[in-house]
Amino acid sequence: MIVELADVISCENKEVSKQVEIELMSFNSRLGEFPIVKKAPFVLKFTNEENKRLFIQGETEVTIAIPCDRCLTDVDKEFSVVIDKELDLTNQNEEKRMDETDYMVGTNLDVDKLIFGEILVSWPMKVLCKDDCRGICKRCGANLNITECQCQKTEPDPRMAAIQDIFNKFKEV
């Protein structure tokens, strides 16, 4: 969603609140595409302080379905997005401002890019469906939280394969 801020930027000490909606349907990054399960409209507050700084403030909750790192079951992960940005409105730093903020183009604020950036910096390193998740079987791919597989549980150390071959030859005799 694009929010026009020309009226706020042009009036000194003006404060405006606008209800905005997130139009993102999924969170797309290098990690993959994750569907957004829950999002709600929220209020952004814009404050022009003496034509020097523009403050953008607001908060919302976004829930994204992320696969568990062990068993690949989707986990609804809630992100509490708190927006507290300060943009320099003086002309001497306009190039710097444009380089730092990809969510602000001229007097237009791209809410989806702003939310995307906030989610990206708070993305979890590891997502588990539960603390004691058992994961999936390396051989058959069964979810070990749901069922027990019939695969051999102990895997011999590959460094000991030569010795294991010697024992197997003696068993045949």
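For the side chain to side chain donor-acceptor pair (under 3.5 Å) test, no residue two or more places apart in sequence or in another chain qualifies with Asp110. For Thr107, the side chain to side chain donor-acceptor pair (under 3.5 Å) partners at least two apart in sequence or on another chain are Glu4.
Among pairs with a residue in residues 116-129, those fulfilling side chain to side chain donor-acceptor pair (under 3.5 Å) read Lys85-Glu118, at least two apart in sequence or across chains.
When side chains are defined from C-beta on, Cys137 counts as touching Leu144, because their heavy atoms get closer than 4.5 Å. Contact of the Phe79 side chain with the Thr63 side chain is not registered, since no non-hydrogen atoms from C-beta on lie closer than 4.5 Å. Residues Leu44 and Val3 have side chains not in contact (no heavy-atom distance under 4.5 Å, counting atoms from C-beta outward). Put simply, the side chain of Lys39 does not reach to within 4.5 Å of the side chain of Thr60, judged on heavy atoms. Two residues are said to be in side-chain contact when any heavy atoms from C-beta on lie closer than 4.5 Å; Asp76 and Lys38 fail this criterion.
Looking only at distances, a side-chain donor or acceptor of Asn48 sits under 3.5 Å from a matching main-chain atom of Cys11. Of the possible polar contacts, none joining the Asn28 side chain to the Glu33 backbone as a donor-acceptor pair under 3.5 Å is found. Distance alone, capped at 3.5 Å, is enough to place a donor-acceptor pair between the Ser29 side chain and the Leu31 backbone. Remark: the backbone N or O of Arg134 is paired with a side-chain donor or acceptor of Asn145 at under 3.5 angstrom. Under a 3.5 Å cut-off, the side chain of Asp74 and the backbone N or O of Ala65 do not form any donor-acceptor pair.
No continuous path of hydrophobic side-chain contacts links Ile115 to Val37 [ILVMFWY only; heavy atoms under 4.5 Å]. Note: the hydrophobic cluster containing Ile2 does not contain Tyr103 (ILVMFWY, side chain heavy atoms under 4.5 Å, direct or indirect links). In the hydrophobic cluster analysis, where Ile, Leu, Val, Met, Phe, Trp and Tyr join through side-chain heavy atoms closer than 4.5 angstrom, Ile136 is grouped apart from Val75. At a threshold of 4.5 Å between side-chain heavy atoms, the hydrophobic network of Ile, Leu, Val, Met, Phe, Trp and Tyr places Val16 and Leu87 in one connected group. In terms of hydrophobic clustering, with Ile, Leu, Val, Met, Phe, Trp and Tyr side chains grouped at heavy-atom distances under 4.5 Å, Met160 and Phe167 are assigned to a common cluster.
Of the inter-residue distances, the one linking Cys68 atom SG with Asn143 atom CG reads 8.5 Å to the nearest 0.5 angstrom. Between Arg159 atom CZ and Gln164 atom CD the span is 14.5 Å, to the nearest 0.5 Å. Remark: Asn13 CG to Thr47 OG1 distance equals 9.5 Å, nearest 0.5 Å. Between atom CZ of residue Arg70 and atom CG of residue Asp132 there is a gap of 8.5 Å, rounded to the nearest 0.5 Å. The distance from atom CD1 of Ile119 to atom CD1 of Ile22, rounded to the nearest 0.5 Å, is 6.5 Å. With values rounded to the nearest 0.5 angstrom, Leu128 atom CG is found 10.5 Å from Lys77 atom NZ.
Other residues, nucleotides and ligands contribute more than 12 heavy atoms inside 6.0 Å of the NZ atom of Lys18.
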Output, in order, the C-alpha distance, side-chain angles, deciding distance and verdict of side-chain contact (heavy atoms from CB on, under 4.5 Å) for Phe42 and Val81. CA-CA 11 Å; Phe42 66 104; Val81 179; over 6 Å; no
Set out, in order, the CA-CA distance, both residues' side-chain angles and the distance that settles side-chain contact (heavy atoms from CB on, under 4.5 Å) for Leu24 and Val62, then state yes or no. CA-CA 10 Å; Leu24 288 173; Val62 178; over 6 Å; no
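Shown here for Leu54 and Met104, the closest heavy-atom pair between the two residues is CD2-CE, 4.2 Å.
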